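Below is one structure; the comments refer to it alone.
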Amino acid sequence: MDEQALLGLNPNADVRYRERAMVYFEQLKESQDGWEVCAEALAKGVYSDDHVKFFCLQVLEHQIKYRHNALTAVQQQLIRETLMKWLQCQLMNPEPEKTFVRNKAAQVFALTFVMEYLTLWPKFFFDLLTLVGLNPHGVDIYLRTLMAIDAEVVDRNILHTQEVCVRRNTLIKDRMRDECVPSLVESWFQILHTFQFSQPELTCQCLEVIGAFVSWIDLRLIANDRFVHLLLSQMSVEDLREEACDCLFEIVNKGMDPVDKTKLVESLCSVLQSAGFFNVDQEEDVDFLAKFSRLVNGMGQSLVVSWTRLVKGGGTMEQADHTLRAMEAKVPLLLRLLLHEDDDISANMVGFCYDYLHVLKQAIMLAVIKKLTYDDEYNFDNEGEDEAMFVEYRKQLKMLLDRLAQVSPELLLEAVRRVFNNAMQNWQSAPFMEVELAVRLLYMLGEALPASHGAHFSGDSVKSSALQDMMRTMVSCGVSSYQHSSVSLEFFETVVRYDKFFIVEPQHVPLVLMAFLDHRGLRHNSPKVRSRVAYLFSRFIKTLHKHMNAFVEDILTRIQDLLELAPPENGFPALLTSDDQLFVFEAAGVLIVNADSPSERKQVLMRSLLRPLMDAFTPLLNKLLQETHEQRQLEIADCLSHAVGFTSRTSKAFSNKQTVKQCGCTEVYRECLQTFLPALSCPVQRGALRSAVRSFLHRMIICLEEEVLPFVPAASEHMLKDCEAKDLQEFIPLISQITAKFKRQVSPFLQQVFMPLVVAIFEVLACPAEENDQTAALEKQMLRRSYFSFIQVITGSGMNEVMANQGAENVERVVFTIIQGAADIPDPVAQKTCFMVLSRLVELWGGKDGLQGFPEFIYKHIVPACFISPMKDSFDLSDAQTVLTLAECSLTLKMIHLKRGEEFIQFLQQDYLPSLQVSPEISQELCQVLQQPDVKVLKTYMKVGLFVCLFVCVCVVFQPRPLFLDRCFSSEQNFRDSNRRPTR
C-alpha cells in the first residue's frame with residue numbers, strides 16, 4: 001500500500017497528504033484487485049493505526065456493496081475468510097478496537113450477510129457464534145453486527161425503495177425464522193445472564209438487539225418465564241434498567257393475539273408493581289422515569305389495541321371486559337406520571353391518555369347502543385307503565401348519544417355503521433330487537449350529526465357517503481317486510497327523516513312508495529303503524545312530489561278506499577281514523593296540485609277526490625235534522641265535520657306558485673262551499689258543525705280570494721245567530737282575516753255587520769255567570785280580547801269609515817269601550833291592544849281634518865287613560881305583557897303630541913298636570929321628554945321616572961273610581977239599550 005498516502009488518513013495530517021489519501025482511496029475502490037491488499041492487511045493485522053484499519057474496511061465495504069456479484073467464488077471466499085480472521089484477532093487482543101472501527105466492521109459483516117446468507121453463507125450465525133462464544137470482544141462485534149443487520153434488513157425507519165431489496169429482505173427474515181432465530185435468542189439469554197453484572201455495556205447492547213429483533217420474530221421465544229424474569233431482574237440494576245425498559249417496551253409493542261397480549265401486559269405489571277416500580281413519586285432518576293413512562297404508555301396503548309380488537313369481534317365480551325378492567329387499573333399510574341414535574345415524562349403519557357379517552361367514549365357508546373335495545377318482555381300491543389319508563393329511558397340514552405356525537409362524530413358514525421351493516425346482512429333471521437336497533441341508530445344519526453335543513457347528503461363527504469350507503473342498503477335489502485311493528489315504524493320514520501336521499505338517488509322512490517301503500521305501511525295489521533305511516537306518507541309526498549309525476553294517478557287509485565268517508569252506521573272499524581285520513585287527503589291534494597298535468601286534468605282529479613264527500617254531505621245533514629238520539633246525532637255531526645275537514649285539508653296543497661285558480665280548481669271549491677254552508681243553520685250539534693265550516697272558510701279566504709266574498713254575508717248571518725262566547729271568539733278572527741285581506745272590498749259588508757257583531761259580543765258578555773265559574777270567566781276574557789283585536793284590525797287597515805259611518809252615538813259607545821279596556825280592565829293583553837287602537841284613532845281622527853269633536857275627546861278621556869292605567873294595582877311592571885302595554889301607552893301620548901303639537905303641551909302644563917297637583921318642575925320635565933324625537937326616551941321615562949314622581953299626587957287627588965270613567969259602561973247591559981245615552 002502507498003504508505004505516503006496512508007499518512008493523510010490522520011485527522012491532523014497536512015492538507016496535501018489528506019488530498020493524496022482521498023485520491024488513493026478512489027484508486028483502490030476503482031481497482032479490480034486493490035481491495036485484496038486491504039483484505040490482507042486486515043487479516044494479518046499489518047497496521048496498528050485505527051484510521052488505516054477504518055480505511056481498509058471502507059474499501060472492503062465498497063467492494064461488497066457495489067461489486068459483490070462480479071467477484072469470483074474464490075474472491076468471495078477470500079472476503080469471508082478475511083472477516084473471520086479479523087474477528088479471531090479481536091478475540092485475542094487485550095483491548096478492543098476503537099468504537100468507530102468496530103461499527104464499520106459490523107457494517108461490513110452485515111453487508112456480507114445480506115449478500116451471501118441466502119446462497120453462499122447459510123451458516124453465517126453458526127460460524128459467528130462458534131467463533132465468538134462468550135468472549136467479551138467477540139460478543140461486542142456479534143451484537144453490533146446484529147444491529148447492522150437490523151438496519152439493512154428490518155428497520156422500517158430506513159427506506160428500502162427497490163422492490164428487489166424488499167423481496168430479498170423478506171426472504172432473509174423467513175430463512176432466519178426457520179433456521180437460526182432460536183439459536184440467536186439462546187445466545188442473547190446467555191449473554192444477558194453472563195454479563196449482567198460484569199459487563200453492563202454488553203448487556204445493554206444485547207437488550208437493544210432484543211428490542212430491535214422482537215418485532216418480527218416469534219414472541220414466545222422471548223415472552224416466557226425464563227426470559228421475562230431475567231429482563232425484570234435487570235430493571236433493578238441501575239446500569240441496565242433504562243435499556244431493560246426499552247426492551248420491554250418493544251416486547252409489549254409486538255403484535256399478537258389480544259388475549260395473549262393482555263396476559264403478557266398484566267404479568268409484567270404485576271411483577272413491576274410488586275417490585276415497587278409503580279411508586280414513581282419516590283424515584284429520583286429522571287432519565288429512568290422517562291424510559292419507564294414510555295414503557296407504561298406502551299403497555300396502556302397495547303391494552304387499548306387489544307380491547308378494540310376484542311370489541312370488534314375478535315373475542316368474547318368477557319375477554320373485552322377483562323382487558324378494559326386491566327386498562328382502567330393503569331389510570332392511577334397514568335395520572336401520576338402525567339402530573340410529573342418533568343415535561344418529558346409527562347409527554348410520554350399523552351398517547352395512552354388520548355387512547356384511553358377514546359376507549360371511554362367507545363365503551364360508553366357501546367353501552368348506550370346495547371341499552372337502547374328492546375328486551376323480550378316489552379309489550380308492543382299493550383304498553384303500560386314499564387314500557388313508558390323504557391321509552392323515557394331511551395330518550396335519556398339518546399341525549400347521551402348526542403353528547404358523544406358532539407365529541408367524536410366519526411366514532412359514532414363508525415359504530416352505527418358497523419351495527420347497521422351486521423344487522424342488515426341477515427335481517428331475515430335476526431331477532432327484531434337487533435333489526436329495530438340498527439334502523440333506529442340510523443334514524444338517530446340525523447339528530448346526533450345534524451345538517452342544515454336536513455342536507456345530510458352534501459357537505460362532509462365521509463358522513464354523507466356513509467349515510468347514503470346505509471340508506472341505499474335499507475331501502476333495497478327488503479327489511480321493510482320484517483314482520484314486527486317496531487321495525488316497520490322505524491323504517492318509515494327513517495325514510496322520511498332522510499327524504500333528501502331520494503333526491504340524490506330517485507330510482508328508489510317507487511320501492512318506498514309501494515312500501516307505504518301496501519301491507520307494510522297504510523295497510524299494516526297494526527293500527528299504530530297505520531296511523532303513524534299516514535302522517536309520514538303525507539310528509540314523504542310533500543317533499544318528493546316532483547319525483548312522482550309518473551305515479552300520481554296510480555297512487556290516487558291505490559288510496560281511493562282509504563279516502564272514503566266512514567258512515568256513522570257502519571259497525572266495522574276503518575283502516576284509518578279520521579285524523580289519519582286528514583294526512584292522506586293532504587297527500588292526495590299535493591299530488592294533484594303538483595302533478596305535471598294541464599289544469600283541466602287537475603280539476604277532474606280534484607273533483608273526483610272531493611265529489612264523494614259532497615255527495616255524502618247533504619244526505620247526512622238531512623239525517624242529522626231528523627235524528628233524535630243524542631249519541632247518533634253526535635256520530636253524524638262528527639262525520640259531517642270530517643267531510644268538511646278533509647276538503648279543507650286538500651287546500652293546503654296550494655301555494656303562491658300553484659294557486660287554486662291556476663290549477664283550475666276554483667269551481668270545485670265553490671261547489672264545496674255551497675254544499676257545506678247550509679250546515680251553519682243546523683240547530684243540532686251546532687258547535688261542532690260551525691267550527692268545521694268556519695275553519696273551511698278560513699282556508700277558502702286564502703285559496704279562493706275574491707271568489708269567497710259572495711258566501712261571506714250569509715255565513716256571517718248564520719254564525720251570529722244564537723251564538724255563545726266561544727262562537728263569537730272564533731268568529732271574530734274570521735272577520736278580522738277578511739278585513740285584513742280584502743280591506744276596502746269588504747267595507748260595505750263590514751259597515752253592515754259591524755254593530756250587530758258588537759251588540760252580539762256585549763250581549764254575551766252581559767250574561768251573568770257563576771262567581772266561581774273559571775271557564776266562563778276565561779271565555780269572556782278571550783272574547784273581550786278578540787273584540788279589541790277586531791277593532792284594531794279595522795283601524796289598522798285604514799278603514800275608519802267602517803266605524804265613522806255607524807253614527808255618532810254608536811261611535812262614541814265603541815270608543816268608550818276601548819277607553820274602558822285600556823284603563824279599567826286588569827288584562828295587560830287587552831290593554832295593550834286598546835292603546836294600539838287609541839293611538840291609531842288619534843292618528844286617523846286627531847288632526848285638523850279629523851272627526852269633529854274628537855280632539856276634545858282626546859283631552860277628556862284618552863289622555864287621562866294614559867296616566868290612570870299605569871296607576872292601577874294590577875299594572876305589574878314585572879310582567880312582560882304589562883311592559884309592552886306601557887310602551888303602547890307611551891306611543892299613544894307621542895301620537896297625541898304629533899297630531900296636536902304645542903296645544904297638547906299647553907294642555908298638560910296648564911290644565912291636566914296641575915289638576916293632579918304635579919309640580920311645575922315635573923310637568924316641564926315630562927313635556928320636554930314628550931318633545932324628544934326618539935320615542936325610546938319617552939318609554940324609559942314612563943317606565944322609570946314619571947310614575948315615581950306622580951304616584952303620591954295621584955293617590956291624593958283621584959277617588960277610587962275616576963270621574964271620566966263614569967261615562968264608560970258600568971256593565972255591558974248599557975250596550976243593549978239603544979234608547980239610552982251615556983251620561984255627560
Side-chain angles (χ1 to χ4, degrees), residues 308-317 320 361-378 380 390-391 393-395 397-398 400-402 404-405 408-449 456-457 462-499 501-502 505 508 511-512 515 519-521 524 526 529 532-533 536:
T308 303
R309 290 175 59 189
L310 290 168
V311 165
K312 288 184 176 180
T316 64
M317 286 306 299
K361 290 183 286 187
Q362 278 186 291
I364 295 172
M365 197 170 293
L366 291 172
V368 169
I369 289 174
K370 182 179 179 181
K371 296 303 292 183
L372 280 168
T373 309
Y374 284 112
D375 58 35
D376 293 326
E377 298 178 357
Y378 192 98
F380 289 90
F390 179 74
V391 170
Y393 175 55
R394 248 191 169 195
K395 292 177 182 177
L397 292 175
K398 185 256 178 196
L400 184 56
L401 209 63
D402 290 346
L404 286 170
S408 291
E410 70 289 340
L411 193 64
L412 176 62
L413 192 61
E414 179 189 351
V416 171
R417 194 171 191 174
R418 185 169 61 251
V419 172
F420 180 85
N421 288 337
N422 290 340
M424 291 302 109
Q425 285 173 2
N426 60 339
W427 65 264
Q428 295 93 336
S429 58
F432 85 89
M433 299 88 77
E434 293 181 11
V435 182
E436 191 276 343
L437 175 65
V439 183
R440 178 72 176 177
L441 286 171
L442 174 56
Y443 175 83
M444 292 169 71
L445 278 179
E447 291 183 15
L449 306 175
H456 293 285
F457 303 96
V462 175
K463 172 192 164 187
S464 60
S465 176
L467 285 175
Q468 199 165 328
D469 289 344
M470 287 188 279
M471 279 298 296
R472 188 185 305 113
T473 300
M474 188 187 74
V475 299
S476 60
C477 74
V479 73
S480 59
S481 299
Y482 197 97
Q483 296 298 308
H484 196 279
S485 60
S486 65
V487 177
S488 299
L489 277 175
E490 284 304 330
F491 173 82
F492 289 109
E493 293 281 4
T494 306
V495 160
V496 174
R497 163 155 286 181
Y498 299 112
D499 49 17
F501 162 77
F502 299 95
E505 298 190 21
H508 300 293
L511 286 173
V512 177
H519 66 279
R520 293 169 287 177
H524 197 279
S526 166
V529 174
R532 185 62 181 170
V533 169
L536 295 172

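Predicted model only: the values in this text are computed from it and were never measured.
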Excluding sequence neighbours, so at least two apart, what forms side-chain hydrogen bond (donor to acceptor under 3.5 Å, both in side chains) with [X]?
X	result
Y378	E383
S486	H484
Q362	none
S480	R520

**Item:** Side chains of V495 and L536 in contact at under 4.5 Å (non-hydrogen atoms)
**Value:**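 SC-SC contact between V495 and L536 ruled out.
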**Message:** A side-chain contact here means heavy atoms from C-beta on lying under 4.5 Å apart; do M317 and V311 qualify?
**Reply:**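 No - every pair of side-chain heavy atoms lies 4.5 Å or more apart.
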To the nearest 0.5 angstrom, please state how far the [atom1] atom of [X] sits from the [atom2] atom of [Y].
X	Y	atom1	atom2	result
Y374	M433	OH	CE	12.0 Å
I364	I369	CD1	CD1	12.0 Å
F420	L437	CZ	CG	11.5 Å
L441	K398	CG	NZ	12.5 Å
L397	T373	CG	OG1	10.0 Å

Could you pull out every donor-acceptor pair under 3.5 Å between side chains of residues 467-478 and any protein atom, sequence neighbours left out?
from : atom 1 : to   : atom 2 : distance (Å)
Q468 : NE2    : E505 : OE2    : 2.8
D469 : OD1    : R472 : NH1    : 3.0
D469 : OD2    : R417 : NH2    : 2.7
R472 : NE     : E505 : OE1    : 3.1
R472 : NE     : E505 : OE2    : 3.2
R472 : NH2    : E505 : OE2    : 2.6
T473 : OG1    : D469 : O      : 2.9
S476 : OG     : R472 : O      : 2.5

**Asked** Taking only residues two or more places apart in sequence or in another chain, which ones pass ring-ring contact (aromatic ring centres under 6.0 Å, His included) with F491?
**Response**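 F491: no ring-ring contact (aromatic ring centres under 6.0 Å, His included) contacts found.
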**Message:** Let's go through D375 and F390 carefully: what are the C-alpha distance in whole Å and the side-chain angles of both, what is the deciding distance for side-chain contact (heavy atoms from CB on, under 4.5 Å) to 0.1 Å, and is it a yes or a no?
**Reply:** CA-CA 10 Å; D375 58 35; F390 179 74; 5.7 Å; no
**Prompt:** What do the steps show when you test L372 against M444 for side-chain contact (heavy atoms from CB on, under 4.5 Å), and what is the final call?
**Reply:** CA-CA 11 Å; L372 280 168; M444 292 169 71; 4.0 Å; yes
**Prompt:** Partners of V529 by side-chain contact (heavy atoms from CB on, under 4.5 Å), sequence neighbours excluded?
**Reply:**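 Checked V529 against side-chain contact (heavy atoms from CB on, under 4.5 Å); matches are S485, S488, L489, H524, S526, V533.
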**Request:** Kindly write out the residues that satisfy side-chain contact (heavy atoms from CB on, under 4.5 Å) with R497, not counting sequence neighbours, or none if the list is empty.
**Result:**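 For R497, the residues satisfying side-chain contact (heavy atoms from CB on, under 4.5 Å) (neighbours in sequence not counted) are Y443, E447.
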**Request:** Hey, could you give me each pair passing salt bridge (charged side-chain N to carboxylate O under 4.0 Å, His left out) that has a residue in residues 474-488? Not counting sequence neighbours.
**Result:**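 Non-adjacent pairs meeting salt bridge (charged side-chain N to carboxylate O under 4.0 Å, His left out): zero.
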**Request:** Run through E493, E490, E434 and flag the one making a salt bridge (charged side-chain N to carboxylate O under 4.0 Å, His left out) with R440.
**Result:**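 Only match with R440 under salt bridge (charged side-chain N to carboxylate O under 4.0 Å, His left out): E490.
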Side-chain donor-acceptor pairs of residues 408-415 under 3.5 Å, sequence neighbours excluded:
from : atom 1 : to   : atom 2 : distance (Å)
S408 : OG     : K361 : NZ     : 2.6
E414 : OE2    : K312 : NZ     : 3.2

**For K371, salt bridge (Lys or Arg N to Asp or Glu O under 4.0 Å) partners two or more places apart** =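 Here no residue qualifies.
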**Request:** Taking Y498 for its side chain and L442 for its backbone only, find out whether a donor-acceptor pair lies under 3.5 Å.
**Result:**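 Yes; at least one donor-acceptor contact below 3.5 Å.
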**Residue pairs involving residues 421-432 (criterion side chain to side chain donor-acceptor pair (under 3.5 Å); sequence neighbours excluded)** =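 For residues 421-432: none.
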**Request:** Please work out which of the three classes, parallel, tilted or perpendicular, describes the rings of F457 and F501, given edges at 30° and 60°.
**Result:**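 The arrangement is tilted - the two ring planes meet at 30° to 60°.
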